[in-house]
Amino acid sequence: MGTGELKVPRGTFDVLPEDALKRRELQRRTWAVLGRGGYRPFESPAFEDTELFERGVGESTDIVRKEMFTFEDQGGRSLTLRPEGTAPVCRAYVEHGMHKLPQPVKLWYWGPFFRHERAQAGRYRQFSQIGCEALGSDEPSLDAESVLLLAELLEAAGVRGATLKIASLGTREGREAYLEELRGYLHDHEADLSQDVRDRIASNPLRAFDAGHEGTRTVMAGAPRLLDRLAPEDAEHFAEVRALLDDAGLAYVVDPTLVRGLDYYTRTVFEFESDKLGAQSGVGGGGRYDGLVEELGGPRTPGVGWAAGIERILLASETRWPAAPRPVFVAIDDGGNRREAFRLVTLLREAGVRSEMEQAGRSLKGQMKHASRAEARAVAIVGQEMHWRDMDTGEQRPVTGIQEAVRIAVGLAT
RNA sequence: GUGGGCGUAGCUCAGCUGGUAGAGCUCCUGGUUGUGGUCCAGGCGGUCGCGGGUUCGAGUCCCGUCGCUCACCCCA
């Protein structure tokens, strides 16, 4: 179409000015909400050693098995475009010795992530996430805080009516006995299960809970529930988190079948869903990952956090995002001096006035039309004489020179 | 990786049973009020995704291919 064959790669997109402004505003609100919670900004590289994700995210996950953009650098090292942000944060926690800082360490990030999947509504190969992580404490209040901050962020972003689902997966050790029981149950009903679920009975039996497959669903309806088998400490922890959410007045549904697709989750898991997104209904979700830092070679360190999809937030948002500020326009009439007009624009900008001038060879009428479309508040007409025209009232007044023109414009802005 | 829908001007789309390309919006020019937002006139802009086939003739039929999109899967 148009000039040629070059297009953005599949599953990626350009952010045009209109959307860029919304993103900017969303980031501003994110900064405010998470900053109030004591979270500080953090950035990590767009790619990392492949091993970080293999070990952190888990070999049995779809992400590691088939969705990573992995490549070799010129030194033969295997690198991977980051598919998620929690493992990198944990890597940084260990690398920079953050366990020596006052705990918990609270960080948030914003940026691009990459997963090689077929794109569809709300799902891209390069997408953006806001993430929030708190490491170094297993206090239930940290779980509750994390959930509440995501709820507050969604609220601030104009995402209304999202439903919150929560569950607990117990600890890794505490979960083992249950997993054995579940594997036994799955083997007993193997004939009715989907191939995919059968393949993962050994590696990741929990996955069976969120299968769409008809037969699998009926089998799972009668399956033993992890929530009913939690170790006493885990059950207590979960009850405490729920109590805190109740106190905060945040509505949620306990969903025993909620299973997240990453291996590192322990205890609390949660997810916000919106019905405005099509099939990919999750706007954001996360949970606790008490074993991850240790898995990556650090000290035994608990952690909780979440990630939310920026594109999905914007899709689900009902906010009327603020419009771009109105500029002032400098038009040139017959007999006008271009250099004088340019100088006026320069001075206006120095004085803090957003201003533009004629730069496309338009007629005066064309310039006025353009200024009108650009929603200019006022137009300076530089001809034999100089005038300021108020574009809302149509009122037009002569100006003695550039200095006075700047003074008037500065006055308009306030 | 699998399946459905779709690919005509920058954007949104029309084009009936094949006859040789249209509208609205945008953009530019002119008129209507010297100098806009209404209205009118005109102009710029298209290898009809690409390749092959059927036909005197294909945007319109057939095959292939690429792309977009939605869904499965999975997740943000």
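No hydrogens, no waters, no symmetry mates; every other heavy atom, side chains included, goes into these values. Order of the sequence lines fixes the chain letters, A, B, ..., with proteins taken first and strands second; residue numbering starts at 1 for each chain.
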Rounded interatomic separation in angstrom, taking CD from A/Q384 and C1' from B/rG34: 13 Å

Short side-chain N/O contact to B/rC28 OP1/OP2 from A/R362, under 4.0 Å: yes

Touch class at under 4.0 angstrom, heavy-atom based, for A/S128 against every strand present: nothing

Protein-nucleotide distance (A/K369, atom NZ; B/rG37, atom C1'), rounded to Å: 9 Å

Test: A/E25 and A/R28 ion pair at under 4.0 Å: yes

Carboxylate-amine/guanidinium proximity below 4.0 Å for A/E294 and A/R172: no

Contact under 4.0 Å: A/R123 side-chain N or O vs B/rA76 OP1/OP2: no

A/R389 (side chain) and B/rG36 (base): donor-acceptor pair under 3.5 Å: yes

Phosphate OP1/OP2 of B/rA76 contacted by A/Q280 side-chain N/O (<4.0 Å): no

Gap between atoms CZ and P, on A/R10 and B/rC66 respectively (whole Å): 9 Å

Spacing between A/L364 atom CG and B/rU29 atom P, to the nearest angstrom: 11 Å

Rounded interatomic separation in angstrom, taking CZ from A/R373 and C1' from B/rC28: 11 Å

Sugar-phosphate only, base, or nothing, as touched by A/R115 at under 4.0 Å among non-hydrogen atoms: base

Spacing of the C1' atoms in B/rG10 and B/rC63 (rounded, Å): 33 Å

Touch class at under 4.0 angstrom, heavy-atom based, for A/G394 against every strand present: base

Value in whole Å for how far the P atom of B/rG34 lies from CD1 of A/I332: 21 Å

Between B/rG57 and B/rC39 - P atom distance, rounded Å: 47 Å

Partner nucleotide, any strand, of B/rG46 [Watson-Crick/G-U, under 3.5 Å]: none

Selection from B/rU35, B/rG67, B/rG37 that lies nearest to any side-chain heavy atom of A/K7: B/rG67

Touch class at under 4.0 angstrom, heavy-atom based, for A/V283 against every strand present: sugar-phosphate

Phosphate-side-chain proximity, A/Q120 and B/rC70, N/O vs OP1/OP2 below 4.0 Å: no

Whole-angstrom distance between B/rA21 and B/rA9, as gauged at atom C1': 10 Å

P-based separation of B/rU47 from B/rG42 [nearest Å]: 24 Å

Pairwise 5' ranking along RNA chain B for A/K66 and A/V8, keeping only the more 5' one: A/V8

Opposite nucleotide pairing with B/rG3, Watson-Crick or G-U, both atom distances under 3.5 Å: B/rC70

Side-chain heavy-atom pair A/W321, A/L314 within 4.5 angstrom cut-off: yes

Touch class at under 4.0 angstrom, heavy-atom based, for A/G383 against every strand present: nothing

Whole-Å C1' distance, B/rC48 and B/rA14: 13 Å

Carboxylate-amine/guanidinium proximity below 4.0 Å for A/R65 and A/E59: no

Separation of the P atoms in B/rU32 and B/rA41, to the nearest angstrom: 16 Å

Interatomic distance at P, B/rG24 relative to B/rG43, whole Å: 12 Å

Within-4.5 Å side-chain heavy-atom neighbours: A/Y252 and A/V147: no

Interatomic distance, A/L154 CG vs B/rA76 P [rounded to whole Å]: 14 Å

Axial cation check for A/F42 ring with A/R40, 6.0 Å and 45° limits: no

Under 5.5 Å and under 30°: A/F113 stacked on B/rA76: no

Sugar-phosphate, base or nothing in reach of A/E84, heavy atoms under 4.0 Å: nothing

Base of B/rU35 paired with side chain of A/Q367 (donor-acceptor, under 3.5 Å): no

Any N/O donor-acceptor pair, A/E271 side-chain to B/rA76 base, under 3.5 Å: no

Pairing partner (Watson-Crick or G-U wobble, both distances under 3.5 angstrom) of B/rU17: none

Any A/R118 side-chain N or O less than 4.0 Å from OP1/OP2 of B/rC70: no

Sugar-phosphate, base or nothing in reach of A/A371, heavy atoms under 4.0 Å: nothing

Salt-bridge contact A/E311-A/R23 (side-chain N to carboxylate O under 4.0 Å): yes

Nearest-angstrom distance, P atom, B/rC44 to B/rG22: 13 Å

Below 4.0 Å: OP1/OP2 of B/rC74 and any side-chain N or O of A/T61: no

Protein-nucleotide distance (A/E67, atom CD; B/rC74, atom C1'), rounded to Å: 6 Å

Paired nucleotide for B/rA23 [Watson-Crick or G-U wobble; both distances under 3.5 Å]: B/rU12

Heavy-atom closest contact (A/R123 atom, A/R118 atom, distance): NH2-O, 2.5 Å

Donor-acceptor pair present, A/K365 side chain and B/rG31 base, under 3.5 Å: yes

